[in-house]
Structures are given as C-alpha cells and as structure tokens.
Amino acid sequence: ENHSNSIAHEEATVAGAPGGTWTFDLSGSNTSLGPAINAWADAVITEVPANPTTDGHVRLAVKVTPNGPNSWHYEYAIYNHDMDRGIRAFSVPHHAEAQITNAGFHAVASHEEPYSNTPWNINISGTSVTWSTQTFAQNPLANALRWGTMYNFWFDSNAGPGATMATLTMFKPGTPANYMASVEGPMQAPISGDVNGDGVVDVTDLLAVISAWGPCPAPPAECAADINGDGVVNVEDLLLVIGDWG
C-alpha cells in the first residue's frame with residue numbers, strides 16, 4: 001500500500017473565546033490530498049530525503065519575510081510524515097557577520113505518550129543556528145520529532161536571505177546520521193549603512209541619519225538610523241553610512 005497518500009487537510013474557520021466554546025467550520029473549503037504544511041502560503045517546501053528507501057521522509061518548509069529595513073524573519077517548519085528514526089537536531093548556517101535575534105522553537109506537547117516535552121535547546125554560534133534535543137543514547141524518550149508531528153523554528157536577522165544547506169540530525173541510530181536540505185538562510189553580508197533597506201547606501205541614508213539625530217524613541221518605536229544599536233543616532237552612525245557608501 002502507498003502510505004504517502006494516507007493524509008489530507010482542509011481549511012477551517014475557527015471562532016470562540018478563551019474559556020468558552022470553540023467552533024470549527026469546514027463548510028467553505030475542499031479537502032486536499034497531503035499534509036496541512038502544503039497549504040503554507042509562499043513557503044518553499046522540500047522533501048527530505050528526496051527518494052526514501054528503508055525509512056520514510058519529512059517535509060521541510062521555509063518562509064522568509066522582511067521585517068523592515070535591514071531585518072528579515074526566518075521561519076522553518078519540519079513535518080515528519082513517516083520517518084521512524086525521527087529528528088533530534090536542526091541547523092541553519094548564517095553569514096559570519098549576521099546578527100541573530102528572537103530565536104524560538106515550538107513543538108506540540110505529548111499528553112498520553114511517555115515522551116519528554118522539554119523544549120529543544122537553541123545554540124547560536126558564529127556560523128549557524130542550531131536547535132537540538134537529547135540523543136537517543138541519553139534518553140530514548142527525549143522530545144524528538146516523531147512521525148505524524150510538526151515542529152517550528154524561527155529567528156530574525158540583519159542578513160538577507162541566500163541559498164544554503166540545512167542539516168537534519170536523526171534521533172534513532174542508523175545510517176545516515178544526518179540529511180542535508182536546500183533552504184534559504186541569512187547568507188548575505190549585512191549592509192549596516194543601508195538605513196532605508198533599498199540595497200544602496202547613498203545620500204538618502206545620510207539624510208535619514210541626520211533627520212533622526214539624537215536619542216532614539218522608547219521601544220517599540222523603530223529607530224532604523226541607529227545603525228550600531230546603542231540607542232542614539234550620532235556621528236558613529238554617520239561614519240557607518242560613509243563607510244558602506246555605494
């Protein structure tokens with residue numbers, strides 16, 4: 001039998017309030033073959049591995065969204081359709097000069113199963129962002145990404161998107177220990193002086209710094225002209241514009 005066609009999804013309209021009764025209306029949608037991750041608008045989805053043999057496969061989706069000048073939000077989702085070995089770590093490379101902020105993780109909780117619900121650790125190094133849980137040897141009941149489950153991973157960066165290879169590390173012992181998948185990550189060198197985010201550092205950015213001169217407004221007001229992030233727009237930011245000119 002073909003276990004790759006054993007799942008479907010529908011769009012639902014959800015209504016309700018905390019503490020009350022929630023309703024799920026499916027009347028306005030059609031059933032589509034495949035997992036719900038396929039319906040993630042504008043996301044790029046890759047099947048890993050491309051041609052599974054002894055084990056199943058997962059689907060890795062990525063969506064990059066601009067936050068504003070010189071800032072992007074990177075969101076990843078991994079859906080384990082039928083891979084018995086599961087996944088215990090996920091790593092995305094980044095440019096050596098990239099700043100990584102607001103990194104996060106979300107997993108569905110295990111209720112009746114004996115598996116751990118401990119969130120994955122997040123490690124931001126000089127070259128990558130890595131999420132991980134315990135190895136199988138450390139804890140066979142660790143919070144691995146098991147079949148029929150989807151986990152989410154995200155972060156923000158001042159480096160623009162570029163093609164790179166993410167690493168998915170298997171949970172149960174076996175070969176291979178890792179799978180590689182093509183994704184977008186923060187691979188472009190940050191342009192600190194590009195205040196308005198148009199890809200060019202010119203007189204417009206210079207005037208933006210001069211116009212915003214002085215202390216930045218209190219958060220959450222945006223202060224894009226504060227290039228070095230010290231809370232004040234001053235000569236240091238002006239010099240960064242001049243240094244990145246062109």
Trainee: Can you confirm whether the side chains of Thr118 and Ser116 place a donor and an acceptor under 3.5 Å from each other?
Mentor: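 Thr118 vs Ser116: donor-acceptor pair found between side chains.
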
Trainee: By the rule that ILVMFWY residues connect when side-chain heavy atoms come within less than 4.5 angstrom, directly or transitively, which residues belong alongside Met180?
Mentor: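 When side chains under 4.5 Å apart are linked, the cluster holding Met180 also contains Met165.
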
Trainee: If you measure from CG on Leu145 to CE on Met170, what distance do you get to the nearest 0.5 Å?
Mentor: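 Here the interatomic distance stands at 9.0 Å.
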
Trainee: Hey, what do you get for CD1 (Ile37) to CD1 (Ile45), rounding to the nearest 0.5 Å?
Mentor: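 One finds 5.5 Å between CD1 of Ile37 and CD1 of Ile45.
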
Trainee: Taking atom OG1 of Thr127 and atom NE2 of His95, what is their separation to the nearest 0.5 Å?
Mentor: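 Nearest 0.5 Å value for the OG1-NE2 distance: 12.0 Å.
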
Trainee: Provide the closest heavy-atom pair for Met83 versus Pro49 in the form atom of the first, atom of the second, distance.
Mentor: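 Looking at all heavy atoms of both residues, the shortest contact is CE-CD, 3.7 Å.
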
Trainee: Give a yes or no on whether Glu47 atom CD has more than 12 heavy-atom contacts from other residues, nucleotides or ligands under 6.0 Å away.
Mentor: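 Yes, CD of Glu47 has more than 12 neighbouring heavy atoms, counting only those of other groups under 6.0 Å.
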
Trainee: Find the distance between CG (Asp156) and CD1 (Ile100) and round it off to the nearest 0.5 Å.
Mentor: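 Going from the CG atom of Asp156 to the CD1 atom of Ile100 covers 9.0 Å.
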
Trainee: Taking all heavy atoms of Ala98 and all of Pro186, pick out the closest pair and write down the distance.
Mentor: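 Where Ala98 meets Pro186 most closely, the heavy atoms are CB-O, 4.2 Å.
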
Trainee: Would His111 and Glu113 count as having a side-chain donor-acceptor pair, cut-off 3.5 Å?
Mentor: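 Not at all, the side chains of His111 and Glu113 share no donor-acceptor pair under 3.5 Å.
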
Trainee: Taking the side chain as everything from C-beta on, heavy atoms only, tell me whether Tyr76 gets closer than 4.5 Å to Lys63.
Mentor: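 A side-chain contact under 4.5 Å is absent here.
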
Trainee: Over all heavy atoms of both residues, which pair between Asn152 and Ala77 is shortest? Give the atoms and the distance, please.
Mentor: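 Nearest heavy atoms, Asn152 then Ala77: ND2-CB, 3.6 Å.
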
Trainee: If two hydrophobic side chains count as joined below 4.5 Å and joins carry through other members, does Val195 share a cluster with Leu238?
Mentor: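 In one cluster: yes.
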
Trainee: Is the shortest side-chain heavy-atom distance between Val92 and Tyr74 below 4.5 Å?
Mentor: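 When only atoms from C-beta onward are counted, Tyr74 and Val92 do not touch, as no gap falls below 4.5 Å.
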
Trainee: Run the side chain to side chain contact (heavy atoms under 4.5 Å, CB included) test on Ile122 and Thr130 for me, step by step, so that the C-alpha distance in whole Å, both residues' side-chain angles and the decisive distance to 0.1 Å come before the verdict.
Mentor: CA-CA 6 Å; Ile122 304 174; Thr130 302; over 6 Å; no

Trainee: Could you state whether Phe24 and Val108 fall into the same hydrophobic cluster, counting links through intermediate Ile, Leu, Val, Met, Phe, Trp or Tyr residues with side-chain heavy atoms under 4.5 angstrom apart?
Mentor: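 The answer is no; the residues belong to distinct hydrophobic clusters.
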
Trainee: How many angstroms lie between atom CG of Asp84 and atom NZ of Lys172, to the nearest 0.5 angstrom?
Mentor: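 Rounded to the nearest 0.5 Å, the CG-NZ separation comes out at 3.5 Å.
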
Trainee: With the side chain counted from C-beta on, respond yes when Tyr151 and Asn143 share a heavy-atom pair under 4.5 Å apart, and no when they do not.
Mentor: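 Yes, at least one pair of side-chain atoms sits under 4.5 Å.
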
Trainee: Evaluate the side-chain proximity of Leu168 to Asn178: yes if any heavy-atom separation is below 4.5 Å, no if none is.
Mentor: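 Result no, sub-4.5 Å side-chain heavy-atom pair not found.
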
Trainee: Mind checking the OG1-CD1 spacing from Thr169 to Ile87? Nearest 0.5 Å is all I need.
Mentor: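 It comes to 9.0 Å.
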
Trainee: Phe136 ring centre to Arg88 NZ or CZ under 6.0 Å, with the angle to the axis within 45°?
Mentor: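 No, Arg88 does not lie over the aromatic ring of Phe136.
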
Trainee: Indicate the atoms forming the closest heavy-atom contact of Ala208 with Ala225, along with that distance.
Mentor: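 That closest heavy-atom pairing would be O-CB, 3.9 Å.
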
Trainee: Are Pro161 and Met187 close enough that some pair of their side-chain heavy atoms sits under 4.5 Å apart?
Mentor: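 A side-chain contact is absent here, since even the closest heavy-atom pair is not under 4.5 Å.
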
Trainee: Among the clusters formed by ILVMFWY side chains lying less than 4.5 Å apart, do Leu206 and Val233 turn up in the same one?
Mentor: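 Hydrophobic grouping puts Leu206 with Val233.
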
Trainee: Under the rule for ring-ring contact (aromatic ring centres under 6.0 Å, His included), what residues qualify as partners of Phe153, not counting sequence neighbours?
Mentor: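 Counting only residues at least two positions away or on another chain, Phe153 forms a ring-ring contact (aromatic ring centres under 6.0 Å, His included) with Phe90, Phe105, Trp120, Trp131.
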
Trainee: Judged by modelled atom types alone, do Asn80 and Arg59 share a side-chain donor-acceptor pair under 3.5 Å?
Mentor: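 No pair is found: no donor N or O on one side chain lies under 3.5 Å from an acceptor on the other.
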
Trainee: Looking at every non-hydrogen atom in both residues, tell me the closest pair between Ala181 and Val48 and how far apart they are.
Mentor: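 In terms of heavy atoms, the two residues are closest at CB-CG2, 3.6 Å.
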
Trainee: Is it true that atom CD of Gln99 has more than 12 heavy atoms of other residues, nucleotides or ligands lying nearer than 6.0 Å?
Mentor: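 It does not: Gln99 CD has 12 such atoms or fewer within range.
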
Trainee: Using the disulfide (SG to SG under 2.5 Å) rule, collect all pairs that involve residues 184-216, keeping only residues at least two apart or in two chains.
Mentor: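 Counting only pairs at least two positions apart or across chains, the disulfide (SG to SG under 2.5 Å) contacts touching residues 184-216 are Cys216-Cys223.
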
Trainee: Kindly check if the number of other-residue, nucleotide or ligand heavy atoms within 6.0 Å of CH2 (Trp154) is above 12?
Mentor: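 Atom CH2 in Trp154 is crowded, with more than 12 foreign heavy atoms closer than 6.0 Å.
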
Trainee: Any side-chain heavy atom of Val200 sitting closer than 4.5 Å to one from Asp194?
Mentor: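 A side-chain contact under 4.5 Å is absent here.
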
Trainee: Under 4.5 Å between any side-chain heavy atoms of Leu207 and Asp205, yes or no?
Mentor: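 The answer is no, as the side chains (C-beta and beyond) never meet within the 4.5 Å cut-off.
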
Trainee: Do Val58 and Phe171 belong together in a cluster built from hydrophobic side chains that touch within less than 4.5 Å?
Mentor: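 No, it is not one cluster - the side chains of Val58 and Phe171 are not joined through contacts under 4.5 Å.
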
Trainee: If hydrophobic clusters are built by linking Ile, Leu, Val, Met, Phe, Trp and Tyr wherever their side-chain heavy atoms come under 4.5 Å apart, do Val235 and Val201 end up in the same one?
Mentor: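 Hydrophobic grouping puts Val235 with Val201.
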
Trainee: Taking all heavy atoms of Val232 and all of Asp226, pick out the closest pair and write down the distance.
Mentor: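 Result for this residue pair: O-OD1, 3.2 Å.
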
Trainee: Give a yes-or-no answer on whether the side chains of His73 and Asn67 include a donor-acceptor pair shorter than 3.5 Å.
Mentor: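 Result is no, nothing qualifies.
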
Trainee: Does the side chain of Ser91 come under 3.5 Å of the side chain of Thr167 through a donor N or O and an acceptor N or O?
Mentor: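 Thr167 and Ser91 do not have a side-chain donor-acceptor pair below 3.5 Å.
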
Trainee: Would you call Glu75 and Trp40 a side-chain contact if the rule is heavy atoms closer than 4.5 Å?
Mentor: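 With C-beta onward as the side chain, the pair touches.
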
